[in-house]
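Naming: A, B, ... by sequence-line order, numbering from 1 per chain.
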Amino acid sequence: MLFDRPRAVNVDLQTDATLQVDISDALSERDKVKFTVHTKSTLPNFKQNEFSVVRQHEEFIWLHDSFVENEEYAGYIIPPAPPRPDFDASREKLQKLGEGEGSMTKEEFTKMKQELEAEYLAIFKKTVAMHEVFLCRVAAHPVLRKDMNFHVFLEYNQDLSVRGKNKREKMEDFFKNVVKSADGVLVAGVKDVDDFFEHEKTFLLEYHNRVKDASSKSDRMIRSHKSAADDINRIASTLYTLGTQDSTDVCKFFLKVSELFEKTRKIEARVAADEDLKLADLLKYYLRESQAAKDLLYRRGRALVDYENANKALDKARAKNKDVLQAETSQQVCCQKFEKISESAKQELIDFKTRRVAAFRKNLVELAELELKHAKGNLQLLQSCVGVLKGDT
Amino acid sequence: MAAEMEPPPLGDAGQTDFREIEDGEGFFVSTVTILESPEPSSPDPPSMPAEGISTNGPKQEDISLDDDPEDLFAEATEEVSLDSPEREPILSDGPSPAITPVTPTAMLTPRMGLGTAEMFERSLDELEEDESGDTFDMHIAVSDPEKVGDGMNAYMGYKVTTKTSMTIFSKNETTVRRRFSDFLGLHSKLASRYLHIGYIVPPAPEKSIVGMTKVKVGKEDLSSAEFVEKRRSALERYLMRTVKHPILLKDPDVMMFLESSELPRAVSTQALSGAGILRMVNKAADAVNKMTIKMNESDAWFEEKHQQFENLDLQLRKLHASVECLVCHRKELSVNTASFAKSAAMLGNSEDHTALSRALSQLAEVEEKIDQLHQDQAYADFYLFSELLGDYVRLITAVKGVFDHRMKTWSKWQDTQLLLQKKREAESKLQFANKPDKLQQAQDEIKELEGKVQQGEKDFELISKTIRKEVSRFEKERVKDFKVVIIKYLESLVQTQQQLIKYWEAFLPEAKAIA
């Protein structure tokens with residue numbers, strides 16, 4: 001199913017000629033979506049300069065998890081995994097519409113069907129954009145782009161045979177998360193000597209919570225907006241019927257206003273959709289990224305605790321003069337790990353801020369511009385209708 | 001206690017200056033006058049453009065103090081039926097979507113109330129001309145709702161101010177205090193007098209046990225304030241519709257309602273009174289009768305109109321339901337936008353990049369303003385659109401009622417005819433029996449019935465004729481009402497969009513300033 005490719009919405013990334021990745025096509029089947037991942041690269045690692053493979057959502061998750069589990073990448077913000085494509089709500093609505101076909105007029109049915117199809121398409125475009133953003137982030141990262149798994153993901157044109165996690169594995173994940181969050185609390189409690197990281201810790205914690213709140217509130221606001229647009233749709237239909245039935249002068253009014261409302265409600269629906277794209281999606285993305293940043297801080301914190309423990313162990317060993325060499329090696333390993341993470345973490349967090357500011361700027365500007373465009377469109381329609389109706393009286 | 005107003009002599013220059021009236025009510029009334037008079041091009045201060053007036057509260061007050069009251073008032077009578085196109089631009093400054101939610105202590109939004117009244121009066125009465133040649137010039141305002149008494153016996157008193165230059169009224173301006181049951185009593189009298197002969201009597205606003213109980217109990221919150229405002233506005237529209245009817249206007253009960261300071265308490269309007277129960281029984285009986293009367297409609301006009309009103313009823317109800325949905329969702333949108341605004345402000349606070357933080361705070365402010373905009377629009381949706389539809393749904397019930405009465409009249413006539421026939425048959429039989437007394441009695445009865453049959457036919461023809469006239473008048477009113485309200489409603493939408501543009505235009509440079 002072809003459509004115009006959405007550009008990476010929430011991230012302002014420098015595209016680099018050495019490695020360009022995008023999702024050129026996507027196909028929605030019964031319960032899965034197949035993404036066509038298209039790569040253009042001048043790197044010598046790849047057999048060709050340009051190639052495409054088909055991937056499913058689970059394979060994206062596999063790639064993401066492989067990054068998370070790789071110790072080498074502990075010092076980086078792992079680009080958040082794209083959310084699972086969720087067409088359930090839309091599919092349910094379409095089904096309900098099919099069941100209720102008998103109870104509405106043909107025009108109403110066609111109208112509603114078109115709307116639901118448009119909604120489905122919008123959700124589809126969104127999920128493609130989110131998967132694409134993930135890949136672009138990886139491709140733009142100086143270290144992650146070199147990852148072996150990433151190259152396999154891009155190039156290997158067979159199924160990666162990555163099955164989704166079964167129940168047992170999901171349970172394991174669940175417990176791992178519980179342990180991790182408990183540990184996270186412990187680790188976070190340790191005050192950091194470094195001011196920069198201490199500040200980032202406090203900042204990210206608060207920021208993450210507030211973004212979460214803003215994200216859910218913006219969703220609710222946009223849903224109300226959509227409901228109002230739907231109401232205007234129904235009003236337009238009834239006005240049309242009234243206009244065709246009425247034998248008096250006022251029928252012209254009804255018909256004109258019905259026509260007007262048909263147009264304005266389309267604009268209202270666009271407003272809601274644009275707010276969704278520019279505001280709600282932005283907030284959702286930074287909710288996930290701020291979580292990834294928190295995870296980085298956690299890993300660093302963990303490494304710091306390990307380092308301090310190793311120090312204590314070394315002191316003990318020296319005092320007892322037992323297993324000193326072992327303790328020394330262990331301490332050195334911890335030290336190296338900690339310092340490596342710290343170094344890259346600092347840069348990652350600075351980059352995170354830059355990306356965030358750029359993304360917010362881009363989206364807020366675009367949001368304002370779109371709101372203006374739609375309001376002006378609405379205004380023009382309304383004013384011209386009022387003019388016509390006033391001339392008629 | 002009707003405030004005795006010194007009526008400003010119409011058309012006279014250099015007369016009573018309204019502002020000098022000390023009485024609190026007086027001041028209120030005077031501003032009413034000034035506001036209601038048309039503000040056509042000439043004495044209009046340039047500061048009052050037709051468009052772009054948002055919350056009219058303070059502004060209208062300015063106008064009343066700045067303008068020359070005498071001049072405006074003079075024009076009020078002369079220009080009533082003229083210059084309708086000039087009047088149009090003023091319509092947009094009527095009730096702005098901003099019906100400011102009543103504060104519990106204030107308990108009223110005088111500006112709003114007047115606005116709603118104006119909206120109907122000024123435009124609807126321009127072209128209305130009474131058959132007697134006396135141009136319809138009447139403004140009724142219902143205002144100042146005040147709770148009287150305490151506990152479950154408490155009630156809401158309203159001030160009813162009538163301003164007119166029509167000669168049938170004894171004074172040019174009267175103010176009386178009425179309560180809700182008074183309005184219901186008036187309607188009940190008019191209905192019993194005029195409905196069965198074919199006049200479409202405008203229905204009174206509906207009772208609301210829940211709404212009134214809240215008010216009685218003294219719950220001074222937003223919803224009970226809204227309820228009071230809704231009722232006040234409905235009462236005003238009810239009175240205006242009633243007096244617009246040329247026949248009803250002249251009814252002595254109507255005049256008494258508007259003019260006399262004391263009114264006998266209308267007890268029979270209570271829902272659970274004896275009269276109330278009787279009404280319910282009658283309604284049920286009527287419904288059964290309707291099903292059993294099978295009328296031979298000889299007049300295609302009635303058949304057609306009946307069907308038209310059925311269709312109109314169906315569609316208006318549907319539309320009303322959809323608009324009520326819209327009002328609900330818009331209120332929800334307003335609430336959700338406000339909550340998002342707060343959330344965005346919090347996010348801005350925790351953002352550590354200064355420029356972005358500032359932009360997010362600005363976004364929060366914009367959204368807060370937009371939430372108020374949605375709220376205002378929801379009020380316009382309701383008071384302009386939804387209430388009109390509700391009124392017409394009820395009006396059409398009255399129209400259908402009138403058609404039913406015609407059926408009943410026909411039925412009565414037919415029954416009398418049948419009875420006459422039976423009596424004639426019985427009489428001819430009696431001719432051959434030797435009972436001179438009974439024969440005489442039968443012949444007397446026949447004479448009486450013949451008279452009744454004639455009367456029945458006359459009644460039927462009269463009601464048919466009346467209904468034709470009434471329907472034609474009703475349709476004219478309907479067309480006017482809808483045209484006016486639709487334009488006003490669209491103008492409220494225009495205003496909302498204009499405000500939106502202002503807000504986002506102010507925000508855009510802030511967003512661009514993020515560095």
Between [atom1] on residue [X] and [atom2] on residue [Y], distance to nearest 0.5 Å:
| X | Y | atom1 | atom2 | value |
| --- | --- | --- | --- | --- |
| B:His374 | A:Met221 | NE2 | CE | 7.5 Å |
| A:Leu279 | B:Leu363 | CG | CG | 6.5 Å |
| B:Met346 | A:Tyr207 | CE | OH | 13.5 Å |
| A:Asp219 | B:Phe340 | CG | CZ | 10.0 Å |
| A:Ser224 | B:His329 | OG | NE2 | 7.5 Å |
| B:Glu332 | A:Ser227 | CD | OG | 6.0 Å |

Identify which of [options] forms the greatest number of heavy-atom pairs closer than 4.5 Å to chain B.
| options | answer |
| --- | --- |
| A:Arg223, A:Arg234, A:Lys353 | A:Lys353 |
| A:Glu206, A:His199, A:Glu371 | A:Glu371 |
| A:Val250, A:Ile235, A:Val386, A:Val257 | A:Ile235 |
| A:Ser216, A:Ser237, A:Ala228 | A:Ala228 |
| A:Leu367, A:Leu364, A:Leu239 | A:Leu364 |

### Task
Without swapping roles, check the side chain of A:Thr238 against the backbone of B:Leu319 for a donor-acceptor pair under 3.5 Å.
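The answer is no, because no donor-acceptor pair under 3.5 Å joins these two groups.
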Using a 3.5 Å distance criterion without hydrogens, assess whether the side chain of A:Arg361 forms a donor-acceptor pair with backbone atoms of B:Lys512.
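Here the side-chain-to-backbone pair exists.
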Practice item. Before giving the answer on side chain to side chain donor-acceptor pair (under 3.5 Å), spell out for B:Asn336 and A:His225 the whole-Å C-alpha distance, their side-chain angles and the decisive distance to 0.1 Å. Key: CA-CA 10 Å; B:Asn336 288 339; A:His225 218 135; over 6 Å; no
| said: Could you tell me if the side chain of A:Asn378 sits less than 4.5 Å from the side chain of B:Val494, heavy atoms only? | reply: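 The answer is no, as the side chains (C-beta and beyond) never meet within the 4.5 Å cut-off.
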Between [X] and chain A, which part of the residue has a heavy atom less than 4.5 Å away: side chain, backbone, both or neither?
| X | value |
| --- | --- |
| B:Leu312 | both |
| B:Tyr489 | side chain |
| B:Leu347 | both |
| B:Glu475 | side chain |
| B:Leu326 | both |

Salt bridge flag under 4.0 Å for residues [X] and [Y]:
| X | Y | result |
| --- | --- | --- |
| B:Glu367 | A:Lys217 | no |
| B:Glu351 | A:Arg356 | yes |
| B:Lys483 | A:Asp249 | yes |

- Please test B:Phe482 against A:Asp246 for side chain to side chain contact (heavy atoms under 4.5 Å, CB included), starting from the C-alpha separation and ending with a verdict. CA-CA 12 Å; B:Phe482 272 84; A:Asp246 202 296; over 6 Å; no
Trace of the side chain to side chain contact (heavy atoms under 4.5 Å, CB included) decision for B:Leu490 with A:Phe253: CA-CA 11 Å; B:Leu490 291 184; A:Phe253 269 61; over 6 Å; no
Chain B contact via [X] - side chain, backbone, both or neither, heavy atoms under 4.5 Å:
| X | value |
| --- | --- |
| A:Phe261 | side chain |
| A:Ser215 | neither |
| A:Leu381 | neither |

A quick test of your reading: do over 12 heavy atoms of other residues, nucleotides or ligands sit less than 6.0 Å from [atom1] of [X]?
| X | atom1 | value |
| --- | --- | --- |
| A:Gln380 | CD | no |
| B:Tyr503 | OH | yes |
| A:Lys93 | NZ | no |
| A:Arg270 | CZ | no |
| B:Arg358 | CZ | no |
| A:Lys111 | NZ | yes |
| B:Glu303 | CD | no |

ask   = So which heavy atom on B:Phe507 is nearest to which on A:Ala368, and how close?
value =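 Taking B:Phe507 first and A:Ala368 second, the nearest heavy atoms are CD2-CB, 3.9 Å.
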Tell me the closest heavy-atom pair linking B:Ile501 and A:Leu372, and the distance in Å.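 In this case the closest contact between B:Ile501 and A:Leu372 is O-CD2, 3.5 Å.
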inquiry  = side chain to side chain contact (heavy atoms under 4.5 Å, CB included) for B:Glu491 and A:Gln383? Distances and angles first, verdict last.
reply    = CA-CA 8 Å; B:Glu491 284 176 340; A:Gln383 277 175 331; over 6 Å; no
Taking every non-hydrogen pair under 4.5 Å, which of B:Leu316, B:Leu500, B:Val323, B:Val479 racks up the most with chain A?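 The residue among B:Leu316, B:Leu500, B:Val323, B:Val479 with the greatest pair count is B:Val479.
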task: Tell me, out of B:Ile514, B:Asp352, B:Asn311, B:Asp371, who's got the most heavy-atom pairs with chain A below 4.5 Å.
output: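 The candidate making the most pairs under 4.5 Å is B:Asp352.
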Polar side chain donor-acceptor pair, A:Asp231 to B:Ser322, under 3.5 angstrom: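 Per modelled atom types, A:Asp231 and B:Ser322 side chains form no pair under 3.5 Å.
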Run the side chain to side chain contact (heavy atoms under 4.5 Å, CB included) check on A:Arg210 and B:Ser343 step by step: do they pass?
CA-CA 7 Å; A:Arg210 294 196 176 172; B:Ser343 185; over 6 Å; no
